[in-house]
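Written out below as structure tokens is the structure these notes cover.
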Amino acid sequence: MRNGPGPATGSVALFLLVIFLLATPFTDWWMRVQPPWYVPYLVWAGVLGLGGWLIERGYRRDL
Amino acid sequence: MTFDLLSLFLVGVAYLGLLFVIAYAVEQRWFPRAVVRHPLFYVFALGVYATTWSYYGSVGFADEHGLIFATIYLGVAAAFLLTPVLLAPLLRLTNNQQLTSVADLFAFRFSSQLTGILVTAIMLAGILPYIALQIRAVAESTLLLTSGEQDPRPLAVAFCLIVTVFAITFGARHVTPRVKHTGLVVAIGLESLVKLGVLLMVAWVAVDLAFDGPGGLSAWLAAHPEQLDGFYQPALEGPWLSLLTLTFAAAFLLPRQFHILFTENRSSRSLIRASWGFPLLLMLLALAVPPILWSGLALEADTAPDYYVLGIAALSGSEPLTLLVYLGGISAATAMIVVSTLALSSMTLNHLVMPLIKSLPHQEPDLYATLRWTRRFLVVMLIVLGFAFYELLDRSGALVAWGLMSFLAMAQFLPGLVGVLYWQRANAYGFIAGLLGGSLIWLDAVLLPALAGTEPFFLLGLPQASADGTEIYGIATFWSLALNALLFAGVSLFTPQRATERQAAEVCRDQASVVAPGTLQVASPSQFVVQLAPVTGEEAARQEVAQALSDLGLAWNESRPERLRSLRDQVERNLSGMMGPMLARMIVDEHLQLDRTARTALAHNIRAIEERLESSRNRFRGLAAELDRLRRYHRQILEDLPLGVVAVTAHRRVVRWNTAMQELSDISAGTALGSRVCDLGAPWDQILARFLSLEQPQHHDQAQQPGGETRWLSLHKTSIRESGRGRTGDTLMIIEDITHIRRLERELAHSDRLASIGRLAAGVAHEIGNPVTGIDSLAQNLRHESDPEVLQESVEGILEQTRRINNIVQTLIGYAHAGAADEREMGPVSLDEVVEEARRLIRLSKRGQGLAIDNQLWPGLQVRGDRQRLAQVFMNLFSNTSDACPDGARIVVAAQLHGDRAQLRVADNGPGIPAKTLDKVMEPFYTTKPAGQGTGLGLPLIYNIVSEHGGAFSITAGSGGTTAWLTLPVHGAAAPAGRAATEME
């Protein structure tokens with residue numbers, strides 16, 4: 001029996017974070033701030049890295 | 001920089017030819033399997049998502065709408081984040097049910113051919129503009145490089161011809177889409193790699209050319225703040241959220257995405273890698289867009305922003321780079337068209353063409369040829385239709401508008417997808433209503449204005465067609481999806497759900513098929529072929545059955561009903577992959593019918609049901625999980641029972657074979673389950689068949705193991721009842737290995753015999769003493785006798801006395817020598833002789849000499865058994881009577897035949913046994929005799945010996961004496977005329 005949340009929980013949580021970043025008033029805020037053009041890519045890469053780590057970890061535990 | 005048209009044509013053909021050679025080499029296994037099946041190729045093949053729209057059009061999109069261009073990548077990344085709850089369940093479902101397209105998926109879930117037709121029609125209408133987009137991009141990019149002002153249509157036609165050849169060669173080689181196109185996946189993956197490499201290279205060259213490096217770009221942006229403003233501001237005002245929704249749906253619902261993601265998938269590991277690898281690939285593609293855009297603006301490239309990629313490459317003055325960029329565009333367009341036409345042709349074939357073909361009165365029996373040629377024809381037709389859309393659509397707008405048209409069509413399947421994965425109550429009526437409602441808005445707001453220049457319906461507040469091409473998607477997405485979802489939910493709630501839909505919904509939720517009740521009417525794989533041949537042709541039927549047998553690891557001689565049921569399911573799945581789930585189900589239901597009235601249907605399907613429950617156990621919740629735990633607990637009780645448990649159907653098929661039985665028989669459950677009892681092999685076939693044919697619920701038998709070891713078995717059986725149906729005809733047998741008990745009993749019996757001999761010792765001495773005295777007298781007389789006649793008489797006398805002694809000794813030896821009884825074979829034994837032998841023995845004892853034994857058994861009465869052990873039965877009975885009765889006791893031994901069994905009565909005229917004692921006399925070590933005179937084992941031994949002979953033993957007692965009743969199976973024709981049922985009074 002494994003402990004802790006499964007990969008589904010982590011993925012859904014991360015998806016909600018992405019919704020928060022891309023589809024809420026927070027989105028308007030960071031777009032109005034106009035960060036350097038590469039900043040959204042850095043955040044994007046961070047979310048991808050976290051998502052990949054969560055799913056890979058979950059897959060290894062389910063093996 | 002300009003190129004000769006012929007050169008570009010040749011370069012393009014050479015490039016596609018190279019990809020074809022690579023694909024061919026992969027199919028021919030020229031490369032190691034581990035390499036070509038590496039998840040990396042799968043991830044890159046998913047890059048087919050990035051078509052000429054992404055490759056060329058994203059820069060133009062970014063120029064017009066700033067950061068909104070990124071939504072076509074971000075929506076996909078969001079969808080892939082949900083891999084564990086969205087893509088992985090879909091992959092399991094499509095793999096398990098061999099669903100090869102979105103139309104298959106919905107037709108299966110809603111169990112409706114109409115659903116498949118509708119989905120296919122919308123798919124076709126939605127994707128054709130996308131194919132047109134690819135044709136347009138290739139034609140326009142070729143014109144740019146040739147600086148031609150001529151009509152682009154001949155170029156478009158030439159491209160269509162090349163791609164058609166390529167698509168047929170690549171995509172329509174296999175009869176069924178369930179066959180993995182490894183070569184195609186590798187080639188498409190390489191194409192994506194070319195796209196990515198070229199775009200990153202162009203971005204680097206562009207920044208270097210325009211700004212002398214990334215530092216220069218930052219300085220330029222600082223000097224031109226309106227560029228950064230133009231990057232972010234449109235996203236605040238444009239349809240950001242709507243486009244995210246559309247691309248979220250497109251990530252896995254576009255036919256090409258669905259095909260690569262699910263149909264070409266080889267393992268869940270590949271999907272896990274793709275869950276982050278593919279979004280990473282898209283992020284790198286998106287990363288190149290802003291630098292290329294700003295470089296193009298800074299360099300004032302003379303192409304439209306849609307073609308800045310090509311324009312900047314040309315500005316760099318590098319011919320190889322420009323050609324590479326051009327080939328990247330060819331790659332993007334070709335890959336999209338090939339995979340899309342492959343997926344769409346399969347969908348069209350399954351849901352539009354095959355139902356028509358099957359409804360024709362005279363059908364072509366060769367299914368494979370029909371499928372192959374129809375698919376090729378459809379590929380051609382799809383590309384022709386794509387070209388027709390290219391002709392019809394307004395070519396003055398941006399590339400992105402044609403792509404979004406397709407995306408909005410795909411998004412109409414999102415509500416239905418909720419029904420597939422999460423909402424079991426959803427039904428076909430709701431799905432069709434929602435899909436029609438949403439698609440009508442799509443048609444009204446997007447497709448018709450683009451095709452025919454009509455105006456969108458004003459009540460929904462949709463902007464006019466002349467307005468911004470992207471703006472309309474914000475409102476159209478909202479209204480179409482809102483109406484779609486509302487109709488889907490409302491109609492589903494207020495209309496009934498069919499049983500087949502409920503069943504399919506359960507399969508979609510639990511990922512395991514419900515086992516349809518009933519027993520299969522065909523009895524062998526060969527009969528499968530016979531049944532399927534009229535509809536598929538004999539060759540196809542044989543190949544499909546062979547494939548299904550191979551998938552399940554079964555042989556052609558398979559006859560186990562539950563395995564044949566699995567074969568039927570596998571054939572249905574394989575046919576589903578070839579011609580769609582509805583048609584496959586129809587064919588299988590019609591030609592491989594189930595007898596749903598069979599009483600043993602449940603027993604036949606137990607294994608299949610258990611396997612499916614096992615595969616679904618992690619998905620049970622609440623009461624279902626509790627029930628499953630209870631089921632597993634009860635099953636474990638049977639499995640862990642230290643007794644062999646065998647359940648057989650009325651047709652003598654084994655449906656339960658527990659662990660103890662596997663150890664006892666050395667036959668694995670996998671072999672035994674589903675087999676007929678007569679196919680189990682010696683000795684179990686005979687033992688179980690013999691026991692099943694007996695009426696009595698208990699039986700003793702012995703099994704001769706292959707190593708020569710003999711095992712003694714105690715068998716019990718009972719009929720199985722099914723709640724509400726009474727007896728099913730199935731039988732449950734419990735088999736106990738009593739070999740060790742038998743050995744103990746033999747040792748006890750031997751001890752008992754030795755004790756008896758001890759008690760006989762005085763009588764034996766007396767019996768032997770008399771002839772010895774006689775011999776002594778005769779021998780003394782011989783000293784003085786010379787008359788030959790008297791001498792001869794004396795010698796005869798001595799010999800007679802010696803024979804008498806010898807008889808006594810032999811009887812004792814025969815009785816006492818119990819050893820090695822396990823090895824002694826049972827044989828015919830005359831009961832008459834056995835009783836006589838016991839009488840001689842008991843006469844050796846002092847008390848036995850006064851016993852009158854009336855043996856009324858007739859000479860031909862024989863049973864199958866062990867003579868010595870049966871003698872012990874009578875010896876013990878006579879001994880008990882002689883101990884209990886005063887002098888002058890009389891015993892009558894009589895018999896009566898009842899069918900194939902003899903009932904023996906051994907009655908004495910003694911004082912009888914008190915009722916309170918009678919209940920205990922069968923208990924071992926219970927004795928009423930004084931201490932040291934009895935072991936208390938006599939009657940229990942009799943009971944065991946008789947039971948082992950397949951008989952029964954009981955005692956009754958009254959004031960007139962005690963009667964022992966023995967029932968034994970007779971051997972051969974035991975009853976002489978007039979004897980049957982007449983011996984006992």
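Every heavy atom of this structure was used, including side-chain atoms; hydrogens, water molecules and symmetry mates were not. What you see is a predicted model; the values in this text were computed from it and never measured. By convention in this document, chain letters (A, B, ...) are assigned in the order of the sequence lines, proteins followed by strands, and residues within each chain are numbered from 1.
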To the nearest 0.5 Å, how far apart are CG in Asp229(B) and CD in Gln34(A)? 4.5 Å

For residues Leu81(B) and Ile55(A), report the shortest heavy-atom separation together with the two atoms involved. O-CD1, 4.1 Å

Heavy-atom count around Trp204(B) CH2 within 6.0 Å, excluding the residue itself: above 12? no

Parallel, tilted or perpendicular: rings of Phe248(B) and Phe15(A) (30°, 60°): tilted

Any donor-acceptor pair under 3.5 Å linking the side chain of Tyr232(B) with the backbone of Pro35(A)? yes

Taking side chain as everything from C-beta outward and backbone as N, CA, C, O, which of these in Leu22(A) sits under 4.5 Å from a heavy atom of chain B? Side chain, backbone, both or neither. both

With a 4.5 angstrom heavy-atom cut-off, is it the side chain or the backbone of Leu271(B) that approaches chain A, or both, or neither? neither

Please tell me if the side chains of Gln233(B) and Met31(A) come closer than 4.5 Å, counting only heavy atoms from C-beta onward. no

So which atom in Leu82(B) and which in Ser11(A) form the shortest heavy-atom distance, rounded to 0.1 Å? CD2-O, 4.3 Å

A side-chain contact here means heavy atoms from C-beta on lying under 4.5 Å apart; do Pro290(B) and Tyr41(A) qualify? yes

For chain B, which of Asp28(A), Ile19(A), Val47(A) has the most heavy-atom pairs under 4.5 Å? Asp28(A)

Parallel under 30°, tilted from 30 to 60°, perpendicular over 60°: which one fits the rings of Tyr73(B) and Trp44(A)? tilted

What part of Pro36(A) gets within 4.5 angstrom of chain B, counting heavy atoms only: side chain, backbone, both, or neither? backbone

Within the 4.5 Å heavy-atom criterion, are Thr27(A) and Leu241(B) side-chain neighbours or not? no

